[in-house]
Amino acid sequence: MLAEMLGKIARDYAHERMKPFSNSDFGNFVRHDVAAEAKKQLFGKPYELKLKASVGAGNWAAVPWLAFFDPLETEPATKGFYVVYLINPQTRTVTLSMNQGTTAVYKEFGRLNGRQVLQRRALDMAQRVPEYAGLFDTGTIDLGFDEDLPSGYIAGHSFGRTYSLSDLNEKVVCDDLEKMPAAYQTLIERGGSAASDMMYAEANSSNIDETRRYVLSRKIERSGKVRREVLSVRKAVCECCGLDPRIDWNYRGPAINIPLDVHHCAPLQTLSEGQTKRYIVPDDFLVLCPTCHRMLLKQMDTNDIDHLKEQMRFKYLRLILP
């Protein structure tokens, strides 16, 4: 069914985009029906992926797409990297691609230099997961347009598979779709498109496995999704010094923005590659003020909060206002 739906997009898109964009039945078919079918294909698999399909925003896009996002890496298609189906309506082909968001890169480097950055990162990504990249094609893809967005997809493509209408066999499509999320998860766990020297510097280690675990642990605690989940079940008070921003700093903003950090305290050695569950809320987390979090990370054991309490003396003035 998914192969048939993707084929319908590739076959009919050029004709459909000649019609009005607003309230298009074809647009709704892509956004809802195709996305729902793709989600069904991943049911029961150990991946927490968000899906989004698009034929454009306000106007028909040159290249319609269906993307799979891991919230630890990215949720919008404008940054990070993700798995995506890209449709070339001119050649009526469908490409399954490990790809990258272009907007953030273009903003930092400009369009021309940004494409070169995307190409370098795409190569690094394929080399970081050779056991998966070798199952797919690593050559250049054709999307039929030279506009900014399609050109960004072409530059950001790391590896994948292009299907003609006759290639869209349900078993082949579903087999590839099963492999690609596994490649996605492994790529995230190995650092994604981040430069190795930057990862080593952040982890303050020269051991690649320890570095990857450290970077993954930090990525987990920086995730907005994780932060929301943790703060919904743990008290918004520093679990080391007891600082309460609502009392001590008179914080009155939204709970999600409270000036406290979420610390992922699962031991690094337990974050083995390929885990189906990378963390457990709330067991694997501490809520800390920025100072205590910084000091905890300076310890030999970055999860021993009792040792930190023994080594430090906390003193702050609590003002009682009339």
Side-chain angles (χ1 to χ4, degrees), residues 46-48 70-75 80 128 184-249 251 255-316:
Y47 312 116
E48 297 183 11
D70 187 315
L72 280 186
E73 174 55 32
T74 186
E75 291 189 39
R128 197 157 271 170
Y184 189 21
Q185 176 170 296
T186 302
L187 185 56
I188 291 171
E189 291 167 354
R190 294 183 186 174
S193 59
S196 296
D197 56 345
M198 295 297 291
M199 291 198 297
Y200 285 130
E202 181 180 356
N204 193 28
S205 171
S206 59
N207 180 282
I208 185 60
D209 291 328
E210 183 176 306
T211 294
R212 286 171 173 169
R213 290 170 185 149
Y214 180 89
V215 171
L216 175 59
S217 183
R218 298 287 79 82
K219 184 171 287 190
I220 288 171
E221 66 186 29
R222 292 166 186 160
S223 164
K225 173 179 179 292
V226 170
R227 179 177 175 84
R228 286 190 295 271
E229 290 178 357
V230 173
L231 291 178
S232 71
V233 293
R234 295 190 84 95
K235 192 174 181 182
V237 172
C238 178
E239 297 182 50
C240 187
C241 71
L243 183 141
D244 184 338
R246 295 196 183 280
I247 296 176
D248 303 307
W249 293 345
Y251 177 75
I256 189 64
N257 294 332
I258 197 163
L260 293 170
D261 295 343
V262 168
H263 174 64
H264 182 232
C265 57
L268 291 180
Q269 60 267 27
T270 67
L271 291 174
S272 57
E273 188 172 279
Q275 280 182 265
T276 57
K277 194 69 176 177
R278 296 159 173 156
Y279 57 86
I280 300 173
V281 176
D283 300 8
D284 291 350
F285 296 91
L286 294 169
V287 174
L288 301 170
C289 71
T291 299
C292 289
H293 193 193
R294 188 178 302 113
M295 295 306 298
L296 190 65
L297 293 176
K298 292 180 180 294
Q299 293 185 165
M300 184 71 70
D301 183 347
T302 59
N303 301 307
D304 190 348
I305 192 171
D306 292 330
H307 178 72
L308 180 61
K309 289 178 178 179
E310 292 171 359
Q311 297 300 311
M312 296 183 66
R313 295 292 180 268
F314 304 100
K315 182 177 180 180
Y316 56 87

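Values below: all heavy atoms of this structure, side chains included; hydrogens, waters and symmetry mates excluded. In what follows, residues are counted from 1 in the order of the sequence shown.
- In this structure R294 satisfies the salt bridge (Lys or Arg N to Asp or Glu O under 4.0 Å) test with no other residue, sequence neighbours excluded.
- Across every non-hydrogen atom of C238 and L260, the tightest pair is N-CD2, 4.2 Å.
- Checked against salt bridge (Lys or Arg N to Asp or Glu O under 4.0 Å), R222 has the following partners two or more places apart in sequence or in another chain: E202.
- Nearest heavy-atom pair across V237 and G242 is CG1-O, 3.4 Å.
- Between the OG1 atom of T291 and the CG atom of L296 there is a distance of 12.5 Å, given to the nearest 0.5 Å.
- Within the structure, the ring-ring contact (aromatic ring centres under 6.0 Å, His included) test picks out the following pairs touching residues 280-305 (sequence neighbours left out): H263-H293, H264-F285, Y279-F285.
- Residues E239 and L288 approach most closely at N-CD2, 4.3 Å, considering heavy atoms.
- D261 has its side chain within reach of P290: a pair of non-hydrogen atoms, C-beta onward, lies under 4.5 Å apart.
- Going from atom CG of D306 over to atom SG of C240 covers 9.0 Å, rounded to the nearest 0.5 Å.
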Checklist entry - Are M295 and L308 close enough, and set up right, to give a side-chain contact (heavy atoms from CB on, under 4.5 Å), and what steps lead you there? => result CA-CA 8 Å; M295 295 306 298; L308 180 61; 3.9 Å; yes
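- Contact annotation: the side chain of R227 approaches that of I258 to within less than 4.5 Å [non-hydrogen atoms, C-beta and beyond].
- Proximity of L187 to R128: side-chain heavy atoms (C-beta onward) are separated by under 4.5 Å at one or more points.
- Considering every non-hydrogen atom in both K225 and P71, the closest pair reads CD-CB, 3.6 Å.
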Item to check | Audit row: Q299, D304, side-chain contact (heavy atoms from CB on, under 4.5 Å) steps and yes/no | outcome: CA-CA 8 Å; Q299 293 185 165; D304 190 348; 4.0 Å; yes
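- Between I305 and L286, the shortest heavy-atom distance links the atoms CD1-CD1, 4.1 Å.
- Nearest heavy-atom pair across V226 and L72 is CG2-CD2, 4.3 Å.
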